[in-house]
2 protein chains.
Amino acid sequence: MAGRSYGQYCGVASALDLVGERWALLIVRDLLVGPRRYSDLQAGLPRIPTNILSARLKELQAGGVVRRAPVVRGGYELTAYGRELEDVVLALGRWGFKSMGEPQDGDVVTSDSLTMAFRTAFVPDAARRHPDATYVVHVGDVSLVVRVERGRLAVVPLNGAVPAALAAVRDDALAHVDLEFAAGPGIRDVISGELSGAEAIERDVVHIVHGDPDMLDRFGQTFHLEPAVPPSSDR
Amino acid sequence: MAGRSYGQYCGVASALDLVGERWALLIVRDLLVGPRRYSDLQAGLPRIPTNILSARLKELQAGGVVRRAPVVRGGYELTAYGRELEDVVLALGRWGFKSMGEPQDGDVVTSDSLTMAFRTAFVPDAARRHPDATYVVHVGDVSLVVRVERGRLAVVPLNGAVPAALAAVRDDALAHVDLEFAAGPGIRDVISGELSGAEAIERDVVHIVHGDPDMLDRFGQTFHLEPAVPPSSDR
DNA sequence: CCGGATCCGAATCGATACTG
DNA sequence: CAGTATCGATTCGGATCCGG
């Protein structure tokens, strides 16, 4: 499966031998949200060719990263070892956030990628200061229920079927939504702190559907990622 | 250069568009140690085809990750943005460490990969308890001077030319080496804590060249990575 | 319809040779 | 030393096909 290894006795090389092939870490990203069926993964990675998805799933299984999900019919899930890739995916997401400019033509936002983005941006310390809040967020055609409860984060899709446990969380959250808003790509300037809540609303980067607009600042503190370094500070 | 993007407006996808191609992160790994010339990179990545190295360096420059090093003739170095990949490389190294079994035929250990491995395994808290120690470590045909000074880590190759600043660190360190040892791949069991210093010496995993063998335990505390999770604990 | 397997042209990779 | 050029071997991407 890894016909071509990097040939180095090194942790980084070993990791890349397992998850360094094209698409592999995006599959892992989606599986970090939860078990997924073949067609779920395909839907979440619109550009992946079906033979590549198939090949990657086989390789990831052979590498002990992924296994068949016994409960979900036709499902895949991460092994314990695979779940430990969360650090890697979060680090990549933090770094890559800084180079996300405007979306390119045809770029999509998926439910799973946005869910992982919230996990990446989540600041536990800030959440501890405001331990409870519930947001409903619309980006593109993805809608998520983002809940901070006792300083812990849960993200659940607003629509669609979810496991019973998550459905309970979702229904509970929807009973008391603090803030519901729709946002475009400019939301990243709120996440990076380059735009205050009020500025974001004024510039139509964020449209408040429901709730107290001041909550948007709390949102920006709870979910924060560093903005891009200016190229000038290159030294 | 990135003719084929993943087409997702997502930090992880954006990161992989920049450094997800084959060999890219290994080039970054080596550049994290310091500026390198084309031939240094080639020597540190014995299996990379020269046209691929050339192509990657171009792409990484276009992506703002790498630039020509003004000081070193023919050199490359990371930009400020590129240096921020350290988190990613360390996370990958930590994860990949767990799947490093025995070295495969033809696997090499390079100076730069071992240097980054020490940075990955370095435990600042443990170093704070023993803030000063100097080791000379031989693995394969790589020899490094590993120095902890006031709780901070510096790794310098034992042989070969280095910039003046590093040469000073090296000479200073060599003046009072606490422990010099040679090790094979089994060194990873010391790093993972699965072998005590005494056991490692007894089983010939580590050969003490010079110094107090008891220092090997301190070494194992200062440089620690989690061992592989047993497949049984998969839930 | 879901979960893939198969086929094929296009792009990339890997090995080697060659050049300023 | 620092790459470019070339070319066969792989892999990738897109589409189609097939069994349950």
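Order of the sequence lines sets the chain letters (A, B, ...), proteins ahead of strands, with each chain counted from 1.
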Would R47(A) pass as a cation-pi partner of Y6(B), given that its NZ or CZ must be under 6.0 Å from the six-membered ring centre and within 45 degrees of the axis?
no
Side-chain N,O (Y76(A)) to OP1/OP2 (dG4(C)) below 4.0 Å
yes
Is Y38(A) reaching over with its side chain to a backbone N or O of T50(A), donor-acceptor style, under 3.5 angstrom?
yes
Positions of residues 19-36 of chain A (non-hydrogen atom under 4.0 Å from DNA chain C), listed by number:
none
Within the structure, does a side-chain N or O atom of R56(B) lie under 4.0 Å from either OP1 or OP2 of dG14(C)?
no
Whole-Å distance, K58(A) NZ to dC12(D) P, equals 14 Å
Measure CG/L60(B) against P/dG3(D) and give the value in whole Å, please.
14 Å
Could E77(A) and R83(A) be called an ion pair, given the rule that one side-chain N must be under 4.0 Å from one carboxylate O?
no
Mind listing the closest non-hydrogen atom pair of V142(A) and V109(A) along with its distance?
CG2-O, 3.2 Å
Does the separation of the ring centres of F219(B) and F223(B) fall below 6.0 angstrom?
yes
What residues from residues 37-53 of chain B pass a heavy-atom cutoff of under 4.0 Å to DNA chain C?
R47(B), P49(B), T50(B), N51(B), I52(B)
OP1 or OP2 of dG13(D) under 4.0 Å from side-chain N/O of R4(B)
yes
Is the cationic atom of R68(A) (NZ for Lys, CZ for Arg) positioned less than 6.0 Å from the six-membered ring centroid of Y76(A) and within 45 degrees of its normal?
yes
Please determine whether salt bridge (charged side-chain N to carboxylate O under 4.0 Å, His left out) holds for the pair E59(A) and R56(A), giving the CA-CA distance in whole Å, both sets of side-chain angles, and the decisive distance to 0.1 Å.
CA-CA 5 Å; E59(A) 292 159 9; R56(A) 290 296 167 273; 3.1 Å; yes
Can you list every salt bridge (charged side-chain N to carboxylate O under 4.0 Å, His left out) pair that touches residues 96-115 of chain B, not counting sequence neighbours?
E84(A)-K98(B), R36(B)-D112(B), E102(B)-R188(B)
